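I have placed the structure first, in the form of structure tokens, so that the comments after it can refer back to it.
Keep in mind that this is a model prediction, so the values were computed, not measured.
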Amino acid sequence: MLGLFHKEKYTHLDENKTKDALIICPSCKKEISRSDAVINNYICTYCGSYFRIRTKNRIRMVCDRGTFEPWFEDMESENPLDFPGYEEKLRAVKEKTGLKEGVSVGQGNIFGEEVCIGICDARFLMGSMGHVVGEKITCAIERATQRRLPVVLFCCSGGARMQEGIISLMQMAKTAAALKRHSEEGLLSVTVLTDPTTGGVTASFAMLGDIILAEPNALIGFAGPRVIEQTIGQKLPDGFQSAEFQMEHGFVDCVVERDDLKKILYQILKSHRISGRNKGFSCFTEEIVKFSPRETAKERLFQEQAKTAWEKVKESRNIKRPSAYSYIHLIFDDFLEFHGDRYFGDDKAVVGGIGWIYGQPVTVIGVQKGNDAKECAYRNYGMPSPEGYRKALRLMKQAEKFHRPVVCFVNTAGAYPGKEAEERGQGEAIARNLYEMSGLKVPVLAILTGEGGSGGALGLSVANEVWMLENAVYSVLSPEGFASILWKDGKRAQEAARIMGITADELKRLQVIDKVIPEYGGINEDTVKDVAGYLKSSMVEFLQKYGQMSGDEIAAQRYGRFRKY
């Protein structure tokens, strides 16, 4: 950890101070020049730790020059509890910081994208949330709702303002309610968690963004380390409650380096602006290139001999078979990955985020199995846990809110059957996906790229259309499991594969799938670009087809697709 537990030693940098002044990094204790720190976006040039930065410098770093317009600057602070010395303390901190309160709100542009911005400043009573802070944030969100603006909130707080007691507590409910109304209008909110974000701010607006970003190593938690240690005497390990810890445990979408923050915010704002404006799925802004496979790939297609069902099972399990990431990066531009289920963790077997296809933003989800032994172990061999299904569903519901189509790449032997998965509700998580996916009012496309194992695969495949690569398989159970249950002999798996009806051709005949994707003789590093090109061209046709339908029609078509079985 880089200085997270030395709060009183932090230096707030101001570019207007003497440029050649030396400051001491609170983490590595080395002296650096103030000008170097400013040029380096207030990051220590020796150890990389982040300094807390002032409101005006945050505005300068994030907003286009001269575009920020402050709102609600003249709200007067009060002393609702007549707390002794509070008014004098407020006057002193106002004079020292030049701020009128602990948060500044207003409207600005991020690479031309209009946005409502709120910035908490730790210099003002540790960014604590008093009634004026809550009121300014609420008023800003309400004005953003009226003007149909996205909201970006930079959070930094020690929690509730003790001098205001229960009135401070009420700000949590008030700000949350304002964000609820903003969300119900189909508008985007992004929170950026900086060091520290704790207490009532964490338990209200900070954790309610559609997308939650965090700066590296920021302290994020409900009860801060000091409170935990004083209350229950528990000593916390290094890294506990860091931004990285929160992402690992499912509560943060992405940890973003400060140098990249403006670019990432722009990418998020742009994708949601286009989706929200068009409310359709065929408004491509780039020239669409029709796919034509290489001649050698065509030749391989005709030379291939038909594989048996068992051979296709073995092919679908090949560790070298391209992964979800392979297709995502070949088909989509500027893929931005998001993490976590907002409940427990970030399942490494399921990846998801937003990508672009010819200018159309798409929510992309995939089961990432791995292409070597180390990655397979890291990805749990492509077997999703409950938090993987819940992450996928969270991203799908977000896609529905912002009128964004969904594409799922499925390659799993099945849902993870371990003790921990059962304790966390594996069955409920899959059932919830089936329930919610059935009614999504945006088009959903599922592509089986390898194994489609039982309910674990179906939990990501309740789609308007289901496609399969020609050597993929999709089954109620593995052939080994099928043979063991029916015949008490797992060695008859090859025979089971032959009669189970699990290949793409057989499932197309049964109308379980809609399209068979050619592999041009067998998918590998030589043919994956051809397969991805075919998929991309077919996806455009899919999006254009469903772009002509209303949300209700899309959901009804999906219901009818599964109703016929």
Side-chain angles (χ1 to χ4, degrees), residues 1-12 26-27 49-52 79-81 83-86 89-90 93 97 101-103 118-134 137 153-176 191-209 212-252 255 340 342-345:
M1 294 292 290
L2 300 176
L4 289 183
F5 306 122
H6 301 283
K7 306 304 174 190
E8 72 282 357
K9 299 180 181 178
Y10 262 83
T11 303
H12 293 275
S27 296
S49 63
Y50 280 38
F51 291 95
R52 296 179 192 157
N79 188 359
L81 302 185
F83 194 91
Y86 181 43
K89 191 174 186 68
L90 284 174
V93 75
T97 63
E101 249 299 346
V103 68
I119 301 170
C120 299
D121 196 316
R123 294 176 300 151
F124 200 102
L125 299 182
M126 206 47 227
S128 55
M129 185 160 64
H131 70 282
V132 174
V133 169
I137 290 172
L153 298 174
F154 289 88
C155 307
C156 179
S157 177
R161 190 169 296 179
M162 295 296 99
Q163 296 92 334
E164 296 189 19
I166 197 72
I167 300 302
S168 175
L169 189 71
M170 295 301 105
Q171 308 310 310
M172 296 167 60
K174 184 168 74 176
T175 55
T191 52
V192 184
L193 312 185
T194 72
D195 185 68
T197 301
T198 61
V201 167
T202 299
S204 58
F205 65 86
M207 286 299 196
L208 294 176
I212 301 177
L213 309 179
E215 289 195 326
N217 293 310
L219 173 65
I220 302 164
F222 176 57
R226 186 185 307 166
V227 173
I228 293 174
E229 291 175 15
Q230 290 179 351
T231 303
I232 62 176
Q234 190 173 26
K235 188 69 176 177
L236 303 177
D238 288 346
F240 185 80
Q241 295 184 313
S242 69
E244 292 76 10
F245 172 94
Q246 296 292 357
M247 188 172 78
E248 181 72 19
H249 287 79
F251 299 104
V252 167
V255 176
R342 295 287 195 276
Y343 292 102
F344 177 82

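Of the possible donor and acceptor atoms, none in the side chain of T198 sits under 3.5 Å from a partner among the backbone N and O of G221. Formation of a donor-acceptor pair under 3.5 Å by the E244 side chain with backbone atoms of N217 is found in this model. Side chain of S168 to main chain of E164: no donor-acceptor pair is present (N/O by atom type, distance under 3.5 Å, no hydrogens or angles).
We find the CG-OG distance between D195 and S242 to be 10.5 Å, quoted to the nearest 0.5 Å. From F154, atom CZ reaches atom CD of E215 across 8.0 Å, with rounding to the nearest 0.5 Å. Here CZ of F251 is found 11.5 Å from CD of Q241. Values are rounded to the nearest 0.5 Å. Distance CZ/R342 to CD1/I212: 3.5 Å, rounded to 0.5 Å. Summarising the geometry, atom CG belonging to L208 is positioned 7.5 Å from atom OG1 belonging to T175; distances are rounded to the nearest 0.5 Å. Here the CE-OG distance, from M126 to S157, works out to 7.5 Å after rounding to the nearest 0.5 Å.
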* Asked: Could you walk me through whether E229 and Q234 pass the side-chain contact (heavy atoms from CB on, under 4.5 Å) check?
  -> CA-CA 5 Å; E229 291 175 15; Q234 190 173 26; 6.0 Å; no
* When you look at L236 and I228, which way does the side-chain contact (heavy atoms from CB on, under 4.5 Å) test go after all the steps? -> CA-CA 8 Å; L236 303 177; I228 293 174; 3.9 Å; yes
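With respect to V103, the side-chain contact (heavy atoms from CB on, under 4.5 Å) criterion is satisfied by exactly one of V201, I119, D121, V133: V133.
Counting non-hydrogen atoms of neighbouring residues, nucleotides and ligands closer than 6.0 angstrom, the CZ atom of F222 reaches no more than 12 such neighbours.
In terms of heavy atoms, C155 sits closest to T191 at SG-CB, 4.3 Å. Between G200 and M172, the shortest heavy-atom contact is O-CG, 3.5 Å. The minimum heavy-atom distance between R123 and T97, with the atom names listed, is NH1-O, 3.6 Å. When every heavy atom of L219 is checked against every heavy atom of F240, the shortest pair comes out as CD1-O, 4.4 Å. Among all heavy-atom pairs drawn from V252 and L213, the shortest one is CG1-C, 4.4 Å. Shortest non-hydrogen contact noted between K174 and H131 is NZ-O, 4.2 Å.
The side-chain heavy atoms of F205 and M129, taken from C-beta on, include a pair separated by under 4.5 Å. Proximity of I220 to M207: side-chain heavy atoms (C-beta onward) are separated by under 4.5 Å at one or more points.
Qualifying side chain to side chain donor-acceptor pair (under 3.5 Å) partners for T194, counting only residues two or more places apart in sequence or in other chains: none. Under the salt bridge (charged side-chain N to carboxylate O under 4.0 Å, His left out) criterion, K89 pairs with no residue, sequence neighbours left out.
For residues 198-209, no residue pair satisfies the salt bridge (Lys or Arg N to Asp or Glu O under 4.0 Å) rule, not counting sequence neighbours.
Classification of R161 and E101 as a salt-bridged pair holds, one side-chain N sitting under 4.0 Å from a carboxylate O.
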